[in-house]
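This is a predicted model, so every value here is computed, not measured. Quick note: numbers below take in every heavy atom, side chains included, and nothing from hydrogens, waters or symmetry partners. Counting from 1, the numbers follow the sequence of the chain as shown.
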Amino acid sequence: MAKRYYAKKTHKAATSQDEPVFALDIGTRSVVGIVARREDDVFHILDYEQMEHPNRAMTDGQVEDIQAVGTLIGKVKRRLEDRIGVTLHSVAVAAAGRALKTVRTRLDRPAPDETALDAEFVLGMESEAIEQAQKSIQNSDAPLSMRFYFVGYSIVQYAMDGRDVASLIGHTCTTASVELIAAFLPFSVIESLYAAVESCGLTVGSLTLEPIAAMNLLIPPELRLLNLALVDIGAGTSDVAVCRDGAVFAYDMATVAGDEITEAVIRSCLVNFEAAEQIKRALCTSDELIQYDDVLGLPCSRPRLEILAAIDDAVDSLAAVIAERIRACNGGVPAAVFLVGGGSQIPGLGKKLSAHLGLDESKISAGVSRSPRGVQSPFPALSSPEFVTPIGIGMTAMNQQSFQFWGVTVNNKPLKLLISREMRMIDMLLMAGFQTSQILGRAGRNLTYYINGEAFTRKGGLPEHARLTSNEADANIDTLVYPGDAITFIPAVHGKDAQVMLYEAVGMPLDPAGRVTLCGHTLPIGTWADINGEPQDRDVPLKHGDRITIHTVSTLKELCDAFPSDIDMDSLICDGVPLDGSAALYDGMVIAPPAPDTPAPEDEPQPNAASPAATEPQSSAVPVTDTEPEPDVTGAAPQPTSVTTASEPASALRLTLNGEKIELPLDSAHSHYYVMNLLGRCGLDLKNPQGVIRMKVNGDDAEFSRLLNQEDTVEIGWV
């Protein structure tokens, strides 16, 4: 297939003042050609030609048989050339609206800290949103025939921190948002159109979409502030375009159209397709009696109203589908609807569409009620709604509102572009498949942290934006691109994210002098820092939002201040020596409350050595007394309860420690035991802490000063 690269340096009209405009509407049922000339901005029609396809070379507005369609285009071209005496070289064409894919997408992006948004930031957001839309419909691994051309986009809304704004540029915010509609055309549709045209010696001068062409003719830009819908009802498809706020913002298509009505006529009248088409056209006239021959060759004559009644369900079904597509495309019911195309002439269609939409029938215009502005035609037949689209195609080309194919090279690789407006470098790169991240470098992420409550921020690294040249001259993303340009592109390099180590952030030496054990807890001393409440080494990298507290601990008071608890600092000892708040700390120091060693009260009864119980051998079985000890009402400290006989005290405290049975002697030196007295027996290496000590008595958490009783079960370990 021939390449279509045109080496022109400026955008030009499809034709000059002296060249006629040649427009083709290549439809499912027929090909319509119109030749016109610009005369003082008036589209003056010189001639037209319409020919039907001899076979089904088109399906639903799409080329199926390229050679057959090209042959018919050639016949239309030659007839016009013979009558006007001009050789036609270039033609304006349109793709069916069903070929267009539109994607509505929204992008939210964090804004730079305390910096006003500039045009480059906003342009980068729009480009990312377009890339997001491309990914939603396009598989990068798909064959070329299934790829899409990006052909343009329109902004729906900007927002900052959730509030809609007309423009983002110059604003300062936390989060910026953009919502847009991006439009794409399938590669296969474009290629088949071009191939059919080129097969008969023509080149495509411009390309548009059929519903856009019709809208350009019937709904001028100043009326597009209104919410209006246009439906082009052809033979195979009904194309929908909707305008609002000054722009055409959405497209859709239904694969039902005039052929559905023709098929209803076939079933009702028992005729072939060609006869049904003639009957359908006759229904649009005022003839009350329609005559035809059925498939048996028998002459028939039926009242027009009878045939209309027979096809009423088909007309109603078509109206229902069109109404549903309008609602889906527009998000509701528009202010008015324009119906064009041959199918718009079906009697009763406008009334049924009015009922399905819930829109007053006066707000639905079927056909062309007046001569379009800026068009002069000596042919009354062209006032038919089926000629709106071909005339619109010609006017769109004349006013340079169409697409054009042309080529550039990027890094010595040929690239074909589908252009509808001035093309900037960033548009071209997106069409070429480059990602936004390759085009616009992103600054590294900032890192904010807090030291003793004060905020600090390290800036991320600056990016290196993409480097561009056009025809060996320096360029940037806003530089205009023209056909034939030779472009070099070196992708952007992102700035590095800010990274800070703990010792770098605090700006002072972190010199832990070791660790001490305070009541079973191993704690650092010296100069050190914690992050979010957890002591950390100096080489820890910070994360965004980390909160750092710097500690200098060299005395017992500073240690207790750094780790607040309910410990009584004045009751602590180390190696049996009482400590006060000014006590200096050293590595490996073990600090704890003193082990209780209270002598027995003077009034506590002592064993009587002369009693028989004292001289008799102790039984190996120790019965449990049946009576509870009397409650102490004197306020004295509680005494341990012992399991003993009624007549003699126990000689040992029997316990289970970490699953093993032990006995502790009960004598004048040790009449009571506390949990802390078991630390030396529990098997823990207190000089090499493995965590925090956890103590339990009979399954309940216990303190160091918990008094122990007979048959208690004690668990001591690291957690």
Side-chain angles (χ1 to χ4, degrees), residues 11-27 30-51 73 76-94 202 204-224 228 230-234 239 241 243 248 284 336 338-342 344-345 365-404:
H11 293 279
K12 297 181 180 179
T15 60
S16 69
Q17 288 284 89
D18 298 326
E19 295 174 326
V21 175
F22 179 30
L24 278 176
D25 180 11
I26 306 171
S30 64
V31 172
V32 177
I34 290 179
V35 179
R37 191 183 300 279
R38 181 200 292 267
E39 295 180 358
D40 298 326
D41 291 330
V42 173
F43 190 71
H44 183 72
I45 297 174
L46 304 177
D47 204 349
Y48 80 99
E49 182 63 48
Q50 182 177 25
M51 297 184 70
I73 291 172
V76 171
K77 168 181 174 286
R78 285 190 294 275
R79 287 188 181 186
L80 289 170
E81 288 175 332
D82 291 343
R83 292 202 295 265
I84 64 175
V86 174
T87 301
L88 302 172
H89 301 285
S90 178
V91 66
V93 295
L202 287 167
V204 176
S206 71
L207 172 71
T208 188
L209 296 169
E210 290 176 359
I212 289 180
M215 187 167 278
N216 285 342
L217 181 66
L218 294 183
I219 306 176
E222 62 269 20
L223 291 183
R224 295 180 192 174
L228 305 174
L230 182 141
V231 187
D232 184 359
I233 307 171
D239 296 326
C243 65
V248 180
C284 301
F338 292 81
L339 301 179
V340 299
S344 68
Q345 302 174 85
S365 172
V368 182
S369 58
R370 55 182 173 79
S371 178
R373 188 177 64 181
V375 177
Q376 284 188 359
S377 170
F379 307 101
L382 293 184
S383 62
S384 170
E386 62 185 309
F387 293 103
V388 168
T389 298
I391 296 172
I393 294 171
M395 284 196 66
T396 299
M398 185 182 76
N399 295 326
Q400 303 181 63
Q401 296 173 303
S402 54
F403 305 108
Q404 292 181 342

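- Taking CD of Glu39 as the reference point, atom CG of Leu46 lies at 7.0 Å (rounded to 0.5 Å).
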Could you please spell out the steps behind the side-chain contact (heavy atoms from CB on, under 4.5 Å) verdict for Glu81 and Thr87?
CA-CA 6 Å; Glu81 288 175 332; Thr87 301; 3.8 Å; yes

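- Within the 3.5 Å criterion, the main-chain N or O of Pro380 finds a donor-acceptor partner in the side chain of Ser383.
- Taking every heavy atom of both residues into account, Ala213 and Thr208 meet most closely at CB-CG2, 4.0 Å.
- Closest non-hydrogen pair, Ala92 versus Ser206, comes out as CB-OG, 3.3 Å.
- Under the 4.5 Å side-chain criterion, counting only non-hydrogen atoms from C-beta, Phe22 is in contact with Leu202.
- Arg38 contributes a side-chain N or O that, together with a main-chain N or O of Met398, makes up a donor-acceptor pair within less than 3.5 Å.
- Rounding to the nearest 0.5 Å places CD1 of Ile219 at 5.0 Å from CG of Leu228.
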Given the rule in the side-chain contact (heavy atoms from CB on, under 4.5 Å) test, do Phe43 and Leu217 qualify, once you have shown the distances and angles that lead to the verdict?
CA-CA 11 Å; Phe43 190 71; Leu217 181 66; over 6 Å; no

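- When all heavy atoms of Leu218 and Pro220 are compared, the pair lying nearest together is O-CD, 3.5 Å.
- Within the 4.5 Å cutoff, side-chain heavy atoms of Met51 are placed close to those of Val76.
- For the atom pair His44 NE2 and Gln376 CD, the distance stands at 6.5 Å (nearest 0.5 Å).
- The only member of Ile45, Leu88, Val21, Val86 that meets side-chain contact (heavy atoms from CB on, under 4.5 Å) when paired with Val35 is Leu88.
- When atom types are taken as modelled, the side chain of Arg79 and the backbone of Gln50 share no donor-acceptor pair closer than 3.5 angstrom.
- A distance of 5.0 Å separates CG in Leu382 from CD1 in Ile391, rounded to the nearest 0.5 Å.
- Heavy atoms only, all atoms of each residue included: Ser344 and Gly341 are closest at OG-O, 2.6 Å.
- Considering every non-hydrogen atom in both Ile26 and Glu210, the closest pair reads O-OE2, 4.1 Å.
- For the atom pair CD (Glu49) and CG (Asp82), the distance works out to 10.5 Å, reported to the nearest 0.5 Å.
- Rounding to the nearest 0.5 Å places CE of Met215 at 10.5 Å from CG of Leu223.
- For the residue pair Thr389 and Asp25, no side-chain donor N or O sits within less than 3.5 Å of a side-chain acceptor on the partner.
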